[in-house]
Amino acid sequence: MSAMASESVGKLEPGMEDSGYQMDNSGDEDDFEDEDVAEGTSGPSGDQLNARRMLSGRGVTLMMLINEGIIETGDGVLTIDYLGSKFVGDLLPGGKIRWQDSKEIFSSPSAWATHCKKILNPEKKSGCGWSTIRYKGKRLDLFKTIWYRKQRKQQMGAGKTSTHVMDSENKSGTQTETSLKERSETRETSLKPTGIFHSKILQQKSSSNRLVVNHCVLGNRTPEHDMNTLVTCTPFTAMDRIQPFTVTIATNCLLLIDFHCHLSNSEVVGYLGGSWDIASHNLALLQAFPCRCRLGDKDNAGAIEEEIRQSLEQRHLTLVGWYHSHPTFPAYPSIKDIDSQMEYQITMKGDSDSAYTPCLGLIISPYNKQRKSCEAEYQAYWVMPPPEHRPQEYGHPMQMAYNIAHDSFLTQDLLMEMRLLADFYRGAEDFIIFKKEYQSGSATYWQKLQKSLTPKLPQDLQVTGAQTPTQSQAQAQAVAHFWDFVRGLVMV
C-alpha cells in the first residue's frame, strides 16, 4: 500500500482474540510468549535453538526491540483495552513493564496482559500480549514484524538472496525484495508512496513452475521457502467459523478490473475504493483504480498513486483493498501475497475497534489455460494471523465470499479509464494480441475477453426476455456500441 493508506483508509480487523476469528488457543496449557523462552538456553544445542528462535521471530523480547531502536522506553507508552477497561503501563529501560495503577513490574507482555485480563475475567488462561498491548497506539506485534523483517534483510545481505530474486523473464522490469525490507522498517506510521509496486514480486509466466499447497503443509517460516509458492484459501465454513464481514462488489468495479488484467500477460496491480458500513458489517467495493505503472517503476509509481489518492478523495471513497493479477496461473495467493496482505491489514488498522475499515485482497487469473471457462478466475481473500503462541507460522489465507451488486449503467470514469489503460499497454511486448487464438482450435483472445466481460455489464446493457421488442432493439444497439468501443481499444 502507500502513504495514502495512513489517513483516509483505514483500519483493519481488530485483534483476533477480541474479534472471535482467531484460532482459539485460550485453552492451550502450553501457551507462552516468545520472550518467556530463556535467552541463555544451555545444553548442547542451546545456541542453535536461540538462533532458530530469533530468525523465526520466536524469542523476541522487548529489550531486543529497544536495542534495535524499533521502540523506545517511556511512561504510559503501553496500553491494554479490554472489556471496556483501559490499563496503562510504562516501558522500563530493562525491557520490563510497570503497571501504573499498582506499580507492579512484569517481565513480559504476556505476563502483564494475562494479569490485567484475569482481573476482569478470572477464567482467562492466556494474555496474548503481543497482539493485545499497544505501543503508542499501535499493536505491539507490528513492531515484532518490523524486527523480523530487519533480521531477514540482514540475512539476505549475508548472501541468502537466491529465493528472493524477482522473475528475470518478465519484460516489465526486475527488482529484488530488498526494497520491501527497507520500507518495512518505517511502516508503523505511514507507508512509502510506492508501496504496492515495490512489495510485489514480478510473477512468472508459466503456471507449470508454480507449486500449489495447502496452508497446513507450510510449517514454520523459513528463508528456504519459495515465496512464489501458491497457497489455497480456506473457507471459513471449513473451520466452523463465520466470515468476519460481508463483501459486496459492484459490477463496474469488476468490469474495469477484468479489462485491466486481460490487457497484459504480465502482472498488473491496482487499488479498490469503496465504503465500510459498520452497522451492517459490510464492505462495499465500488470502484477500481488501476495503477498505470510498471512493477518496479520507481520514477512513475509515486505520481500514479498520488493521482489515485486524489481520485479517491474527490469521489468520497475510502481505500478498502487492492487487486493484482496472476496472468497464467491459479488465483491463489503466493506466500509473498500473504505476507503483503497481512502487512497491509496491520498498517491500515486503526486505534480502536470502532474506527477500523477492513482491507481486502483480490486476485484475478485471466489466462490460466488449465481452466475450461473463458471467464477470468477471481479470489477474494483476507489473512488470519498465526496464533499468538506460534508467531513463526505464516498467516492463513481465508476465502472471502462476496455478493455482486449490478450497477445501472457505465460511468464516464470507467470508460475513460479503459481508454487510458489501453493506451498505456498498447504497443508493449506483453500486450495481448487479441486477434490471435487463445487456445488451439478455440476462441480468439477477443472472444475470450467478451465472454469474461459480459456477466459484468451493467443493467442497461443486459438484454432480458421481459423487454418489449423496441426496448430490446435499443438495448442491443447499446451493447453493440459498447463492444465497438472496446474493440477499437484492443484490436491493433
Might you point out which heavy atoms bring [X] and [Y] nearest each other, and give the distance in Å?
X: Met63; Y: Gly95; value: SD-N, 3.8 Å
X: Val60; Y: Trp130; value: O-CZ2, 3.6 Å
X: Ser334; Y: Arg210; value: CB-NH1, 4.4 Å
X: Leu360; Y: Ala380; value: CD2-CB, 4.1 Å
X: Ala288; Y: Ile257; value: CB-CG1, 3.6 Å
X: Tyr332; Y: Val231; value: CB-O, 3.5 Å

Applying side chain to side chain contact (heavy atoms under 4.5 Å, CB included), run through Thr232 and His215 and close with a yes or a no. CA-CA 7 Å; Thr232 59; His215 177 267; 6.0 Å; no

Which label fits [X] and [Y]: parallel for a plane angle under 30°, tilted from 30 to 60°, or perpendicular past 60°?
X: Trp276; Y: Phe245; result: perpendicular
X: Tyr323; Y: His260; result: perpendicular
X: His324; Y: Trp322; result: parallel

Just by modelled atom types, is the [Y] backbone N or O under 3.5 Å from a matching donor or acceptor in the [X] side chain?
X: Thr248; Y: Ala405; result: no
X: Thr114; Y: Ala111; result: no
X: Ser264; Y: Ser266; result: yes
X: Asp258; Y: Leu255; result: no
X: Gln341; Y: Cys359; result: yes
X: Asn214; Y: Cys216; result: no
X: Asp90; Y: Gly76; result: yes
X: Ser365; Y: Phe329; result: yes

Beyond-backbone contact of [X] with [Y], side-chain heavy atoms, under 4.5 angstrom:
X: Asn282; Y: Val247; value: no
X: Thr246; Y: Leu283; value: no
X: Ile335; Y: Leu218; value: yes
X: Arg139; Y: Ile133; value: no
X: Tyr394; Y: His225; value: yes
X: Met384; Y: Phe236; value: yes
X: Pro333; Y: Leu230; value: no
X: Ile66; Y: Leu91; value: yes

Point-to-point distance, once rounded to the nearest 0.5 Å, from [atom1] of [X] to [atom2] of [Y]:
X: Glu267; Y: His326; atom1: CD; atom2: NE2; answer: 5.5 Å
X: Leu312; Y: Glu307; atom1: CG; atom2: CD; answer: 11.0 Å
X: Leu362; Y: Cys253; atom1: CG; atom2: SG; answer: 7.5 Å
X: Thr132; Y: Leu78; atom1: OG1; atom2: CG; answer: 12.5 Å
X: Gln287; Y: Leu285; atom1: CD; atom2: CG; answer: 11.0 Å
X: Thr79; Y: Arg134; atom1: OG1; atom2: CZ; answer: 7.0 Å

Exceeds 12 heavy-atom contacts within 6.0 angstrom, atom CD of Glu104: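 More than 12 within 6.0 Å, yes.
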
Is the closest basic N to carboxylate O distance between Arg294 and Asp299 below 4.0 Å?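 Here Arg294 does not pair with Asp299 in a salt bridge, since their nearest N and O are not under 4.0 Å apart.
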
With the threshold set at 4.0 Å, does a side-chain nitrogen-carboxylate oxygen contact exist between Asp75 and Arg98?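 Salt bridge present between Asp75 and Arg98.
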
Could you go through the side chain to side chain contact (heavy atoms under 4.5 Å, CB included) check for Ser107 and Lys96 one step at a time? CA-CA 5 Å; Ser107 62; Lys96 298 185 183 299; 3.9 Å; yes

Cation-pi, Phe424 ring and Arg292 (6.0 angstrom, 45 degrees):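 Geometry flag: not set, cation outside 6.0 Å or 45°.
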
Would Ser280 and Asp277 count as a side-chain hydrogen bond (donor to acceptor under 3.5 Å, both in side chains) here? Give the steps. CA-CA 6 Å; Ser280 63; Asp277 187 338; 3.2 Å; yes

Can a donor-acceptor pair be found between the side chains of Gln310 and Glu306 at a distance below 3.5 Å?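 Yes, a side-chain donor-acceptor pair sits under 3.5 Å.
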
Apply the test ring-ring contact (aromatic ring centres under 6.0 Å, His included) to residues Phe143 and Tyr135: give CA-CA distance (whole Å), side-chain angles for both, the deciding distance (0.1 Å), then the verdict. CA-CA 9 Å; Phe143 300 94; Tyr135 171 79; 5.2 Å; yes

The test is side chain to side chain contact (heavy atoms under 4.5 Å, CB included); show your working for Lys336 and Asn228 and say whether it passes. CA-CA 7 Å; Lys336 179 60 201 166; Asn228 290 321; 5.5 Å; no

After noting the C-alpha distance and the side-chain angles of Arg221 and Asp339, does the key distance pass the side chain to side chain contact (heavy atoms under 4.5 Å, CB included) rule? CA-CA 11 Å; Arg221 187 180 293 273; Asp339 281 353; 2.9 Å; yes

